[in-house]
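Order of listing sets the numbers, starting from 1, for every ligand and every atom in it. All residue numbers refer to positions in the sequence shown, counting from 1. The structure presented is a predicted model; accordingly, all values stated were derived computationally and were not measured.
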Amino acid sequence: MKLASIQAAESKLLLHTYDRNPYLFVGGHGVYLTDDQGNDYLDLLSGIGVSALGYGHPAIEEAIRLQSGRLLHTSNLFFHDGTAEIALRLTEISGLDRVFFCNSGTEAWEAALKLARANAGRLRSQGKRCGTKFLALEHSFHGRTMGSIATTHKAKYREPFEPVMPGVDFVRFNDVTHLREQFTDEICAICIEPVQGEGGIHPVSQAFFSAARELCDSSGALLIADEIQSGLGRTGEWFAYQHYGIQPDVTTIAKPIANGIPMGAMLCTNEAAMSVTPGMHGTTFGGGPLACAVAIAVIDAIRHDCLLKHVGEVGSYFKEQLTALAERHPSIVAVRGLGLMLGVELNSSELATTVASQMMSERIILNRTSENVLRFLPPYILERKHIDIAIDSLDRTLASLTQPNISTAGEYTHG
Ligand SMILES: *Cc1c(COP(=O)(O)O)cnc(C)c1O
């Protein structure tokens, strides 16, 4: 009843940017979300990779409670005691030197694009050749603001808003030859999601990532790793680039950084940071006391609970189980991903839509991306028993949708 009236009101009052699923969540605990009827849902999506520590985590609740009683905002004109503490943690885990805080993924990405342009200007002032163009990858996703959509490949995100920022060329995914052909001294940065998220959970190849690093080293252009979805432990390392042994010049993070309190950050080397002076870039809310306090609690909880190791272990188990499922179901074309960032490509987008909605009616939350890919971004605290529940449900769902004439006992049904 309440859901129906909210739906009716939203349909009149909101800009229609989302077709929401008809569920109303009012709470959660651990890896479960709870709806208005008191039903629990196993959450394998964590609000698109945000609620990494799940729901009702005591350290997060405590950080919010304490900080909300102290101070919520000071502006960036003054100091508060959280900024340096979270920046220290982020530089330790990333291998980068400096941090710019903001409030979302796309803002972190905009900061990275602006830094690349400023860095190119710095190089030119030293007499080096460095242009203003970007190389991005096919099937990339970097956010929804104007610079971000210019570097995002899918036409439907860009075309209605054209003209977007000019000077972006797209390189075929994992095509080293194409990358080398496109790279000139006109390029100020190469933009890479080490594991493409919205594009369908595609890890970049070692050869491609290494070639991008080498090309940037040759010219002074920046290698920018977008880790907004893959970063901060999601793949079993703090950053997905660490699986490759490649250090980017710039990285962007957001989704899980404050477990649901909006926050983003752009991290860079000392050298790239030399191109920015006070007043060139800024934000009213970015790096505020509440977001910093919660982000500190998130990083400390991941460390304290050894969640990187845990994500690696349950992630491998999940992937093994999905691979075994693929052997039983020819409708599964591929299983991809790292850690707890996993994708199952099906042979049709209709099937992917139906599977996702049928799983939802079995109270298991997952999501479809890139048309025909089922995406799993569960909380890091997921356990094997939850994976077993999900696999069992997926197995039955796929069987019922793709083998309508065969019962689960393997007997033919008639009529
Ligand atoms: C989600 C995402 C973004 C955009 O983040 P917002 O917080 O929605 O602006 C950018 N890049 C990647 C890789 C993402 O997954």
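Scored by the side chain to side chain donor-acceptor pair (under 3.5 Å) test, Glu61 finds no partners at all (sequence neighbours excluded).
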Hey, what polar pairs (N/O, under 3.5 Å) does ligand 1 make with protein?
residue, atom, partner, partner atom, Å
ligand 1, 7 (O), Gly105, N, 2.8
ligand 1, 9 (O), Thr106, N, 2.8
ligand 1, 11 (N), Phe141, O, 3.3
ligand 1, 11 (N), Asp226, OD2, 2.8
ligand 1, 15 (O), Gln229, NE2, 2.8
ligand 1, 15 (O), Lys255, NZ, 2.6

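Under 3.5 Å, the side chains of Asp305 and Tyr380 contain no donor-acceptor pair of N or O atoms. Side-chain N/O atoms of Glu227 and Ser230 include a donor and acceptor closer than 3.5 Å. In summary, the side chains of Thr235 and His243 do present a donor paired with an acceptor at a separation below 3.5 Å, with no hydrogens or angles considered.
Judged by distance alone, the side chain of Arg234 and the main-chain N or O of Leu340 form a donor-acceptor pair under 3.5 Å. Counting only distance, with no hydrogens or angles, the side chain of Gln182 and the backbone of Phe170 share a donor-acceptor pair below 3.5 Å.
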